[in-house]
Structure formats: structure tokens, C-alpha cells
Amino acid sequence: MTAGQKAAFERWWPEYGLSLFDGPLDTADAFGRVAPLVLEIGFGMGDSLLQMAQQEPDKNFIGIEVHPPGVGRLINGAGEAQLSNLKVYMADAMDVLEDCIPAQSVQRLQIYFPDPWHKKKHHKRRIIQSGFIDAVHGKLEPGGVVHLATDWEEYAHAMLEVMTEARGFANMAPAGGFCARPDYRPVTKFEQRGERLGHSVWDLLFQRC
């Protein structure tokens with residue numbers, strides 16, 4: 001971590017940090033209000049999550065990330081922007097889902113550009129697996145949405161297959177495939193570089209039935 005990221009933990013973690021060990025989260029207590037909840041898993045350096053929290057002040061945002069540099073950068077940005085609608089877990093996503101996120105509490109769950117683990121022998125490490133999606137289903141409110149995005153075409157089709165076969169979800173794409181990028185998802189610098197190189201991005205939107 002940089003010195004600034006380390007300082008961010010000292011200054012801002014008490015404001016924005018959530019602990020896995022506190023157990024089930026009372027979102028109304030954590031945010032001081034009742035509002036639609038957006039949960040992002042694996043926010044990286046946090047730039048797009050910070051932008052979304054700023055753009056959608058009517059929603060509460062929770063980010064989950066295991067890497068301290070990204071967490072430090074995000075909470076520093078949130079503190080500088082004086083955001084009150086963002087909280088962060090620095091823990092394993094599955095542990096947070098199982099132990100902390102209440103059933104039927106999430107309006108939108110988003111996972112952007114997860115590690116594709118492109119070698120076939122590593123596919124079992126991919127986060128988008130049937131067991132994980134089954135766990136996600138119970139955390140979504142009725143009508144809640146799973147939003148996935150990747151720039152790895154093979155993984156895009158693999159995720160589409162997992163989501164299509166999952167029980168209790170309906171594809172929001174009119175033709176049953178991929179969706180156009182929703183306006184609320186910012187185009188990251190990483191994505192902009194990819195576009196200049198001719199890389200594509202695939203968005204998937206599935207709604208809980």
C-alpha cells in the first residue's frame with residue numbers, strides 16, 4: 001500500500017469499514033436510513049464504485065474486496081467526497097454473503113471484470129459458478145438484479161450459461177443473450193484502454209423471478 005492508502009485506513013476505516021465478525025448486518029443502522037441496497041463484489045481499486053455511489057445518492061452501496069490497496073483508495077475517495085451511502089467489507093465475498101448480508105435485502109448485485117482464470121485447469125476458481133449464484137439468489141429482493149461484466153469472451157459465454165441454467169432468474173436481454181451497458185455502470189480507464197485496442201465488453205443482466 002502507498003502511504004496515502006495506509007493513512008486512509010487510519011482516518012476513514014472507522015467511518016466506512018464493516019466487520020465480518022459483527023455477523024448479520026442491520027443496513028438501516030449501518031447507513032442511518034432505509035434505501036435500496038447495491039452490493040459490489042471485487043471492486044478492485046474502487047473508482048467505478050465510488051462514481052456510482054456519487055451518481056446514485058438515493059441508494060446504499062456496499063463493496064467487498066480482499067486487497068487492502070483498493071480498499072484504502074476507495075475509502076479515501078469516499079471520505080474526501082463526504083459520502084454517507086457507502087460501506088466496505090475487506091473479507092472473502094462468500095463469507096460476507098453467508099454471515100452478514102440479510103436475505104432478500106439486495107436490489108442489485110454487481111461483479112465487474114472478475115478474474116477469468118483463463119486456463120481450463122483453473123476454471124474451478126472462477127467466482128461465477130452455480131453454487132455461488134444459488135447463494136446470491138437468496139440475498140436478492142424479489143425483482144433484484146445480478147449484473148455481470150467481462151472483457152473475456154469465453155468467460156462471458158460461460159457466465160451466460162451459468163446464469164441461464166440457474167433457477168429463479170430471468171435474462172433481461174430481449175434476445176436472451178447479452179445486454180448493452182447500463183448508464184449507471186461507468187466506463188473504467190481499464191475498459192477505455194481495451195476499447196482503443198479493439199476489445200469488447202459483455203454485460204449480463206439477470207433478474208430474480
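On a predicted model such as this, the values are computed, not experimentally measured, just so you know.
- Of the candidates Ile64, Ile75, Ile62, Leu18, Ile75 is the only one forming a side-chain contact (heavy atoms from CB on, under 4.5 Å) with Val88.
- Interatomic distance, CZ of Phe31 versus CG of Leu37, reported as 6.0 Å (0.5 Å rounding).
- Crowding of Asp183 atom CG: a count of heavy atoms from other residues, nucleotides or ligands under 6.0 Å not exceeding 12.
- The CD atom of Gln110 lies 7.5 Å from the OG atom of Ser48; values are rounded to the nearest 0.5 Å.
- A distance of 10.0 Å separates CE of Met90 from OG of Ser19, quoted to the nearest 0.5 Å.
- In this structure a side-chain-to-backbone donor-acceptor pair under 3.5 Å is missing from Asp92 to Val66.
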Decide side-chain contact (heavy atoms from CB on, under 4.5 Å) for Ile41 and Val96; before the verdict, give the C-alpha distance in whole Å, the side-chain angles of both, and the deciding distance to 0.1 Å. CA-CA 10 Å; Ile41 293 175; Val96 174; over 6 Å; no

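- For the salt bridge (Lys or Arg N to Asp or Glu O under 4.0 Å) test, residues two or more places apart in sequence or in another chain that qualify with Glu56 are Lys59, Arg108.
- Considering every non-hydrogen atom in both Ile111 and Phe132, the closest pair reads CD1-CE2, 3.7 Å.
- In this structure, Met94 CE and Asp99 CG are separated by 10.0 Å, a value rounded to the nearest 0.5 Å.
- Not counting sequence neighbours, the partners of Gln207 by the side-chain contact (heavy atoms from CB on, under 4.5 Å) test are Val145, Met172.
- Nearest approach of Pro69 to Met45, heavy atoms of both residues: O-CE, 3.9 Å.
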Checking side-chain contact (heavy atoms from CB on, under 4.5 Å) for the pair Leu49/Tyr112: CA distance, chi angles, key distance, verdict? CA-CA 10 Å; Leu49 180 55; Tyr112 300 149; over 6 Å; no

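- The neighbour count for His157 NE2, taken as heavy atoms of other residues, nucleotides or ligands under 6.0 Å away, is above 12.
- The closest donor-acceptor contact from the side chain of Gln107 to the backbone of Val38 lies at 3.5 Å or more, if one exists at all.
- Of all the heavy atoms in Ala30 and Lys87, the pair that sits closest is O-CE, 3.2 Å.
- Scanning all heavy atoms of the two residues, the minimum distance from Ile133 to Ala166 falls at CG2-CB, 3.8 Å.
- Interatomic distance, CG of Leu39 versus OH of Tyr89, reported as 9.0 Å (0.5 Å rounding).
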Determine, stepwise, if the pair Arg208 / Glu141 fulfils side-chain contact (heavy atoms from CB on, under 4.5 Å). CA-CA 8 Å; Arg208 175 181 167 162; Glu141 63 183 39; over 6 Å; no

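- Screening Trp202, Phe206, Tyr184 for a ring pair (Phe, Tyr, Trp, His ring centres under 6.0 Å) with His147, the sole residue that qualifies is Tyr184.
- At least one donor-acceptor pair closer than 3.5 Å links the side chain of Gln5 to the backbone N or O of Thr2.
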Go through Met163 and Leu148 one step at a time and tell me if the side-chain contact (heavy atoms from CB on, under 4.5 Å) criterion holds. CA-CA 10 Å; Met163 293 303 305; Leu148 311 175; 4.0 Å; yes

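- Closest heavy-atom contact between Pro116 and Arg126: O-NE, 2.5 Å.
- Contact detail for Leu50 and Gly77: the closest heavy-atom pair is CD1-C, 3.8 Å.
- A salt bridge is defined here as a Lys NZ or Arg NE, NH1 or NH2 lying under 4.0 Å from an Asp or Glu carboxylate O, and Asp47 with Arg73 meets this definition.
- For the pair Val201/Val187, no side-chain contact is recorded, criterion being any heavy-atom separation below 4.5 Å from C-beta on.
- Residues Cys100 and Asp22 are not in side-chain contact: their nearest non-hydrogen atoms beyond the backbone lie 4.5 Å or more apart.
- From Asp203, atom CG reaches atom CE of Met159 across 9.0 Å, with rounding to the nearest 0.5 Å.
- Partner of Tyr16 under the side-chain contact (heavy atoms from CB on, under 4.5 Å) criterion, chosen from Leu83, Leu74, Val71: Leu83.
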